[in-house]
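Some notes on the structure that comes next.
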Amino acid sequence: MEMPDVNSAIIARKMAIIDRFIHAIGSNAVIHDHFETKAYECDGLTSYSCSPLAVVLPQTTEEVSAILAICHAEKLPVIPRGAGTSLAGGALPTEDSVVVGIARLNRILDIDYDNRFVRVQSGHTNLAITQLIEGDGFFYAPDPSSQLACTIAGNIAMNSGGAHCLKYGVTTNNLQGVKMVLMDGSIIDIGGEYFDSNGLDLLGVICGSEGQLGVVTEAILRIIPKPEGARPILFGFDSSVVAGNCVSDIIASGILPVAIEFMDKLCIQACENFSNAGYPSVDALLIVEVEGSEEEIEWNLQQIKQIALHHNPVAIRESKSELESQKIWLGRKSAFGAMGKLGDYICLDGTIPVTQLPEVLGGISRLSEKYGLAVANVFHAGDGNLHPLIIFDANADGQLAKAELLGAEILKLCVKLDGCLSGEHGVGVEKRDLMLDQFTHDDLEIQMRIKDVFDPHWLLNPAKVFPLDQSKERRAN
């Protein structure tokens, strides 16, 4: 008696599913060749990769609904994907999964200046929204470093921020509503054109849920009138700890800059070599930007300068023109590209209370020495959102594992100092097994019950956020 050909059966099922996808959204929107799907095998966390079963690229909410309904019927895991800029493995596929890429959902649906919102498909890039409306005197506030490429869907999934989040908040503070497709293909609307829309306020659950609850296809975003002007001032210090103390004092003064950015010596040197921004040779650097009328800008800058002088800065550079402002920001905006010239790196995003900045910077320095790996620090200092970059050689045996251990210790230090594991990158696969360092089993159980409601079979973005053994157990049930 001949044994059945298991591989043939698997291939036949795969092709039957592919045919259903093609019938639903067309052959030009379905990728299933193994070599072509490799482009989707990882995101910005390139240490891990896996080619998916297939990739689909829908253009409408209805097409997303059709795909999810098929996957639900076939019990196929779904990986929502924006631009793939996630640094926490948030869009990492599994070999039996279907990647739903939303990059083709990129239309502007409505602009309402009177009520100050735009409605967009979620594949629209972050920066393109401001570029669309800035000629009319408006902008979209969240500005992650990847804003040239990252999509609104990814920003919503990770609750992204950026340099200007100190004053304007992160994505959740600028999101008014979403259209979302549930795993079974159902389409729901949450929120609306006004912050006080009727119904349960579930936006806070959706924003930051990392694609665990549904696929967001449209978003209603708050837009803000552009300020009259903005100007940065740069301070150089001979110690990261002193710079941290300066940040703490600026915040304690009650002055609200639009941004306070921190860079340490290793990052300063890399950025200067990369961009020639004219940064001073110092151990730590702060960029503080304020905005408003010229009189308001001048008053705030002078107050901030007086605070900084108590910490004996070794360099001060106040912008006097738009060109000077662009040059001050040039190095900071180039930081992540610049660091790539030093080697491979892991970029973390733990958060801490601002008053703990000096202690956490000292702790990171000690941990760097302990593991023998360089750590460059560049982060949003005003709200305590750290971005330590651990430099390592991916081709050297054991260095990736060592870098991951160092990263885990840095994040545990953040939690110990009353911070948390992630400020804007998300948990993804990078931090999922650290969740019990921040939350109790009961805390996680409540979070997982929320996912149970939206996705009972745990098919949406599996093996992310929650400790792997608990995710597997939930999916098995």
Considering all heavy atoms, the nearest [X]-[Y] contact:
{"X": "N155", "Y": "P144", "answer": "ND2-CG, 4.1 Å"}
{"X": "Y140", "Y": "I133", "answer": "N-CD1, 4.2 Å"}
{"X": "V216", "Y": "E218", "answer": "CG1-O, 3.4 Å"}
{"X": "G426", "Y": "M158", "answer": "CA-SD, 3.7 Å"}
{"X": "I390", "Y": "L348", "answer": "CD1-CD1, 4.1 Å"}
{"X": "Y371", "Y": "L406", "answer": "CD1-CD1, 3.7 Å"}

Contacts under 3.5 angstrom, residues 26-35 side chains, donor-acceptor by atom type, not counting sequence neighbours:
{"from": "D33", "atom 1": "OD2", "to": "F35", "atom 2": "N", "distance (Å)": "2.9"}
{"from": "D33", "atom 1": "OD2", "to": "E36", "atom 2": "N", "distance (Å)": "3.3"}

Distance (rounded to the nearest 0.5 Å) between H124 NE2 and I152 CD1: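 Going from NE2 on H124 over to CD1 on I152, the span is 8.5 Å.
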salt_bridge(K416, E409) N-O dist < 4.0 Å: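 No, K416 and E409 are not salt-bridged.
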Residues D189 and R119 bridged, charged N to O under 4.0 Å: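 The answer is no: the pair does not qualify as a salt bridge.
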Selection residues 425-440 - residue pairs positive for salt bridge (Lys or Arg N to Asp or Glu O under 4.0 Å), sequence neighbours left out: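 Qualifying pairs, neighbours excluded: D349-K431.
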Exceeds 12 heavy-atom contacts within 6.0 angstrom, atom NZ of K75: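 Yes, the 6.0 Å shell around NZ holds more than 12 heavy atoms from other groups.
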Candidate list H387, K333, H380, test side chain to side chain donor-acceptor pair (under 3.5 Å), partner E261, passing option: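 The option that passes is H380.
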